Amino acid sequence: MSSMQPRLSRRALFGLAGAGAVAAGVGGVGVARAVSDASASDTVAFYGEHQAGIATAQQTHVLFSAFDVVTRDVGALTALLQGWTQLAAALTQGEPVGDGGAFGGLPTAPPEDNGEAELLSTANLTITVGFGRTLFVRDDADRFGLESQLPDELQPIPSLPFDALDAARSDGDIALQVCADDPQVAMHAMRVLKREAIGVCTQRWTQSGFLSRPTDGSTPRNLFGFKDGTANVRTPTELNEHVWADGAPEWMNGGSYLVARRIAMTIEVWDRTSLVEQETIVGRRKGTGAPLSGGAEFTDPNFEHTASDGQRSIAKVAHVRLAHPSRHDGRRMLRRGFNYEDGVDQLGRWDAGLFFLAYSKDPRSHVIPAMTDLARHDVMNEYIRHTASAAFAMPPGVQGSDDWWGRALFT
């Protein structure tokens with residue numbers, strides 16, 4: 001375990017920052033001792049060209065929160081981003097917070113670490129940050145002098161047919177995506193980060209999710225029982241072509257753009273739908289994931305194939321056809337969706353569905369056209385409702401201990 005300098009408090013950072021930009025070169029987070037003897041097999045590197053948590057192998061749990069900035073002091077905001085970066089660098093490597101940790105500090109003061117992750121694995125924890133459009137401009141006001149740096153790609157998501165969006169669970173100034181293979185590890189990280197934000201940001205909304213890995217290592221399934229993510233972006237070449245930003249503004253090079261949608265499923269209705277109808281709606285076999293045109297799960301769908309009755313094997317309004325890249329000039333997105341379950345409504349119906357996370361280099365060309373096509377024509381709309389929506393610019397990775405989230409944007 002590498003030694004780290006004591007973490008500066010936000011108050012100390014404010015003193016360094018003044019009312020303007022914060023100076024670079026702040027040290028790392030102080031540590032008391034490791035939460036566990038984390039091995040490379042359950043630890044994801046924090047520093048790098050791209051933020052972890054995007055192309056990283058998908059973990060089994062997500063805790064996603066959007067925050068609204070309540071301060072008008074850009075120095076306080078950049079100090080928070082520096083503090084968050086230090087904390088994320090330590091937490092993802094299995095380090096507790098502060099010199100005293102959960103149990104070694106002053107008994108008359110609150111513990112610096114909450115303690116709920118003590119002796120737990122780092123569980124492949126990743127923490128990923130993003131900036132919403134309202135951080136740059138809100139109500140025509142340039143809040144922090146950032147309007148000139150607002151990416152053209154970061155446009156509001158257009159209103160789509162069948163949307164039933166809850167404004168209180170949509171949008172936000174800053175996003176934190178925390179993923180891990182242990183929900184308590186994810187909760188610990190988000191709890192620490194939220195506490196650090198007191199006085200600078202308030203938590204606007206949060207969404208948790210889960211994704212179970214099949215025992216045979218095959219593609220995970222959504223709550224409709226179908227494999228989800230079969231045709232996902234996978235290779236470095238595909239990531240460069242479809243996911244990583246590489247144009248203007250320069251501060252976003254190496255980053256990506258996220259569209260988040262909360263998709264509620266009418267599970268009780270779906271559960272009373274015949275297997276053949278379910279497969280016709282999706283365009284794939286429920287058991288194998290193979291397209292109805294034949295082959296195996298990863299066989300390319302043949303949209304011209306006809307069945308014995310002379311009808312197209314894959315219907316014109318099947319989900320797989322409407323979402324296929326061939327319908328959208330070959331453009332693709334990186335899907336990172338999670339199932340969610342938030343209890344039941346007043347009629348005892350499940351409040352459950354898919355927390356859809358789509359990363360791309362430009363949502364206007366890689367995500368929104370497919371979403372629009374699906375919203376207009378997909379028969380699955382009879383079984384789902386989009387209840388929340390947000391878009392964020394996810395900056396590139398942090399390059400070292402003297403770097404921090406958003407540094408190129410603010411400096």
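In what follows, residues are counted from 1 in the order of the sequence shown. Computed from a predicted model, the values in this text were never measured in an experiment.
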Query - Glu238, Glu241, His324 screened by side-chain hydrogen bond (donor to acceptor under 3.5 Å, both in side chains) with Arg332, the one that passes - result: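 Going through the options one by one, the only one that passes is Glu238.
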Classify the ring geometry between [X] and [Y] as parallel (under 30°), tilted (30 to 60°) or perpendicular (over 60°).
X      : Y      : answer
His242 : His366 : perpendicular
His50  : Trp244 : parallel
Trp270 : Phe224 : parallel

Requested in this report: Measure from the side-chain N and O atoms of Thr288 to the backbone N and O of Glu297, and report whether any donor-acceptor pair falls under 3.5 Å.
Outcome: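 Looks like no, no N/O pair under 3.5 Å.
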Query raised in the report: Taking Gln177 for the side chain and Val129 for the main chain, is one N or O donor matched with an acceptor at less than 3.5 Å?
Result: no
Query raised in the report: Could you give all pairs that pass the salt bridge (Lys or Arg N to Asp or Glu O under 4.0 Å) test and reach residues 244-257, with sequence neighbours left out?
Result: Asp246-Lys361
**Report entry** Intermediate values then yes/no, salt bridge (Lys or Arg N to Asp or Glu O under 4.0 Å), Asp173 and Arg143
**Finding:** CA-CA 11 Å; Asp173 294 337; Arg143 303 171 64 194; 3.0 Å; yes
Report task. Report yes if the side chains of Leu125 and Val178 come closer than 4.5 Å at any heavy-atom pair, otherwise no. Result ->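 Touching, per the 4.5 Å side-chain cut-off.
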Query - Residues that Glu277 engages under salt bridge (charged side-chain N to carboxylate O under 4.0 Å, His left out), provided they are two or more places apart - result: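 For Glu277 there are no salt bridge (charged side-chain N to carboxylate O under 4.0 Å, His left out) partners, ignoring immediate neighbours.
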Requested in this report: Could you please spell out the steps behind the salt bridge (Lys or Arg N to Asp or Glu O under 4.0 Å) verdict for Arg321 and Asp373?
Outcome: CA-CA 10 Å; Arg321 182 189 291 269; Asp373 211 6; over 6 Å; no
Requested in this report: Quick one: pull up CZ in Phe46 and OG1 in Thr43 and give me the separation to the nearest 0.5 Å.
Outcome: 14.0 Å
